[in-house]
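Here is the structure we will look at.
Whatever order the structure lists them in is the order used to number ligands and atoms, beginning at 1. Residues: numbered from 1 along the sequence shown. Worth knowing before you read on, the calculation uses all heavy atoms, side chains too, and leaves out hydrogens, waters and symmetry mates.
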Amino acid sequence: MAVERTLSIIKPDAVEQNNIGNILAMIQGAGLEIIGMRMLQLSRAQAEGFYEVHRDRPFFGELVEFMTRGPVVVAALEGDNAVARYRTLMGATDPAEATEGTIRKAYGTDIGENACHGSDSVENGKIEVGYFFPEYVLR
Ligand code: ADP
Ligand code: MG
């Protein structure tokens with residue numbers, strides 16, 4: 001299995017509800033290595049750029065408002081098969097459909113405010129880690 005990198009974002013809802021530590025504990029408990037981490041407030045331009053693929057979706061405006069309403073924690077994760085492993089740990093996009101033991105089941109509120117982001121492919125993992133950690137070029 002290949003070593004991969006994936007981008008995690010602890011979203012504003014989870015930061016507001018004091019769940020940064022709980023989510024990081026789940027990430028580390030799952031054996032994913034945190035190789036870079038930063039707390040920041042996304043600008044509108046950063047949020048729009050990050051979610052560019054969703055620009056034409058009906059929820060785009062709401063998503064950008066949400067992601068910019070307070071600080072987030074971005075983390076670069078590394079491990080064997082890290083992209084799929086972190087998607088599994090996060091659970092379904094809609095917390096109501098997420099299985100027990102997942103981050104979104106534990107800390108998500110609804111399909112919009114779902115506590116965390118994770119890259120959806122190995123290629124996007126590289127792109128998204130590079131978006132926030134340009135110094136972390138994949139070996
Ligand atoms: P995921 O984060 O699981 O990869 P998507 O890439 O489909 O999900 O969507 C990106 C983010 O947009 C979601 O995590 C969620 O915050 C938001 N979102 C997705 N679908 C909806 C929706 N129907 N209504 C409101 N927000 C949504
Ligand atoms: Mg996605």
Heteroatom distance test (T93, ligand 1): nitrogen or oxygen, under 3.5 angstrom | yes
Is any side-chain heavy atom of F60 closer than 4.5 Å to a side-chain heavy atom of E52?
-> no
From A115, G91, G108, G112 - option closest to atom 26 (N) of ligand 1 by heavy atom = G112
If hydrogens are left out, which of R104, R87, H117, M90 has an atom nearest to atom 4 (O) of ligand 1, that is, the closest non-hydrogen atom?
-> R87
Does a side-chain heavy-atom distance below 4.5 Å link K11 with N114?
-> yes
Below 4.0 angstrom, N of the basic side chain to O of the carboxylate: do R5 and E128 qualify?
-> no
Between R57 and E62, is there a side-chain N and carboxylate O pair less than 4.0 Å apart?
-> no
For residues 20-36, pull every pair meeting side chain to side chain donor-acceptor pair (under 3.5 Å), keeping only residues two or more places apart or in separate chains.
-> N19-N22
Of all the non-hydrogen atoms in the protein, which one sits nearest to atom 13 (C) of ligand 1, and at what distance?
-> N114 ND2, 3.6 Å
Return the residue, atom name and 0.1 Å-rounded distance of the protein heavy atom closest to atom 10 (C) of ligand 1.
-> H54 NE2, 3.6 Å
Measure from the side-chain N and O atoms of E4 to the backbone N and O of V122, and report whether any donor-acceptor pair falls under 3.5 Å.
-> no
Indicate yes or no: does R44 engage E65 in a salt bridge with an N to O separation below 4.0 Å.
-> yes
For atom 22 (C) of ligand 1, the protein heavy atom that lies nearest, with its residue and separation = F59 CD2, 3.6 Å
Using the side chain to side chain donor-acceptor pair (under 3.5 Å) rule, collect all pairs that involve residues 80-98, keeping only residues at least two apart or in two chains.
-> S8-Y86
Has ligand 1 got any nitrogen or oxygen that is less than 3.5 angstrom from a nitrogen or oxygen of G118?
-> no
Starting from atom 15 (C) of ligand 1, which protein heavy atom do you reach first, and at what distance in Å?
-> I111 O, 3.2 Å
Quick note on ligand 1: atoms under 4.0 Å from a heavy atom of K11 include exactly 13 (C), 14 (O), 15 (C), 16 (O)
Give yes or no for whether the N/O distance cutoff of 3.5 Å, strictly under, is met between E62 and ligand 1.
-> no
Is the closest heavy-atom distance from D120 to ligand 1 below 4.0 Å?
-> no
